[in-house]
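Worksheet: the structure to be examined is printed underneath.
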Amino acid sequence: MFLNVTNKVTLLLERQMTILIARINSLVQTFCTSCIQQIQFTPVVKAVKRISFSVSVCKYHVTLNSELSVMSGSPAVVMRLVASAYRVAEKAGAIVRRVLHSGELGIVEKTGANDLQTLADRLAQQSICASLSKRFPKITIIGEEDLPVEEVSGDLMETGQEEEILHKPCPAEYRELKEEEIVVWVDPLDGTKEYTEASMCLRRQTEARTPHNRPDTSKPHSTALWLLDNVTVLIGIAYGGRAIAGVINQPFYNYQLGEGAALGRTIWGMVGLGAFGFELQEVPGDRRIVTTTRSHSNKLVIDCVDAMEPHEVIRVGGAGNKIIQLVEGRASAYVFASIGCKKWDTCAPEAVLQAVGGKLTDIYGNAYRYDANVKHMNSTGVLATLRNHEYYTSRVPQSVLQALKSE
Ligand code: AMP
Ligand code: MG
Ligand code: MG
């Protein structure tokens, strides 16, 4: 059974044309020889820069169809969305840095002293939601912060798209997604508690500084600057109730380099495509390094972490930050046996983790859903791993499972 795939590609740049031809050639080499019926390249017409080709492939190679469509210059909606989310997250990261350096955080307590909102949370969310909904008006966007509906100032709008993402092949199953089928979960600033603590640390440093005195990094308050790495901006993309793509901006990445250094990085991933912007690493051997909350702990959290029989426990802020630790080989499992974490905390991290073969579930091992109408709270905890998920779910104590009863 053969499927005929014909594509016409119009390109504006000669360079892109060369890349495209190389790409087609390398794709063709991956087919079984029997499935290629014909490959025809029409001559390149200089003025229009147009190339046509026709390929016939067997049913096992129909995925080529989606690859060719990407190359034909019409990226799928979801790829355009991820490309926009990448730039939007970068802008939000810049806002988060700017507010920190202004020193005016405008802190508001939401449900209590460990549940805070700052000016950075508010501005970053406005920027993300307004920018994405302008370009993708039919997408459902759910942000963490409850903000009054108001006009967003022009300087908060981001219109760019990350070119490299537009050139990636969209996995076949997401190729035809429509805007109205997509839900975007936004955590404009994950790790707000740690952000406010790092800000206090910076303020003390500035106050302690005299013209002849460099900051004394041996003082305890100076060490709190590591908390800056706990902060992330999270944009998660869901379809059919599942997290399928995610963008994580870490605004203070490279903070150790000090004043004047270019700060920040953006990690992104898509299920079926892969994850980018970092080097995938695993914790060596069968060491169990558990990462968990530092500011929202309780007896259940501690009991559950202990039951994993970890060789080491790391207590840091932010769900995004903890997933970065998993994919960079600094932790083997993220264990949080408590309510508190919400869908906007886990959607982007789950997609990035899954894109590299990892898993994020509740402590029962059940997947969360990300449809527009789900409840926001992840009330049966979070368990995330790059490998050996079953080991960790099997170790959760009955008492903890009982206490966080699944609905
Ligand atoms: P943590 O690991 O404590 O930084 O938590 C990860 C995410 O879940 C952060 O966005 C927290 O704000 C949120 N979170 C976890 N527990 C709570 C809680 N008890 N109250 C409010 N937010 C929480
Ligand atoms: Mg959060
Ligand atoms: Mg937040």
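Order of appearance sets the numbers: ligands from 1, and atoms from 1 within every ligand.
In terms of modelled atom types and a separation under 3.5 Å, the side chain of S84 and the main chain of R80 share a donor-acceptor contact. D190 places a side-chain N or O within donor-acceptor distance of the main-chain N or O of G320, the cut-off being under 3.5 Å.
Side-chain contact between H296 and D115 is absent, with no heavy atoms from C-beta onward closer than 4.5 Å.
Ring geometry for W185 against W344 counts as tilted: the plane angle lies between 30° and 60°, on a 0 to 90° scale.
Distances under 2.8 Å from the Mg ion (ligand 2) pick out the protein N/O/S atoms D187 OD2, D190 OD1, D345 OD1.
Exactly one residue among E158, Q161, E162 makes a side chain to side chain donor-acceptor pair (under 3.5 Å) with R87. That residue is E162. Considering K110, Q126, R122 in turn, K110 is the only one that fulfils the side chain to side chain donor-acceptor pair (under 3.5 Å) rule with E145.
The two atoms that bring T140 and A372 nearest to each other are CG2-CB, 4.0 Å, heavy atoms only.
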Give every pair made of an N or O atom of ligand 1 and a protein N or O atom lying under 3.5 Å apart, one pair per line with both atom names and the distance to 0.1 Å, or write 'none'.
| residue | atom | partner | partner atom | Å |
| --- | --- | --- | --- | --- |
| ligand 1 | 2 (O) | K322 | NZ | 2.5 |
| ligand 1 | 3 (O) | T293 | OG1 | 2.4 |
| ligand 1 | 3 (O) | H296 | ND1 | 2.5 |
| ligand 1 | 4 (O) | G318 | N | 2.6 |
| ligand 1 | 10 (O) | D190 | OD1 | 2.9 |
| ligand 1 | 10 (O) | D345 | OD1 | 2.8 |
| ligand 1 | 14 (N) | G340 | O | 3.2 |

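By the 6.0 Å and 45° rule, K359 does not stack over the aromatic ring of Y392.
More than 12 heavy atoms of other residues, nucleotides or ligands lie within 6.0 Å of CG in L119, so this atom counts as buried by the packing criterion.
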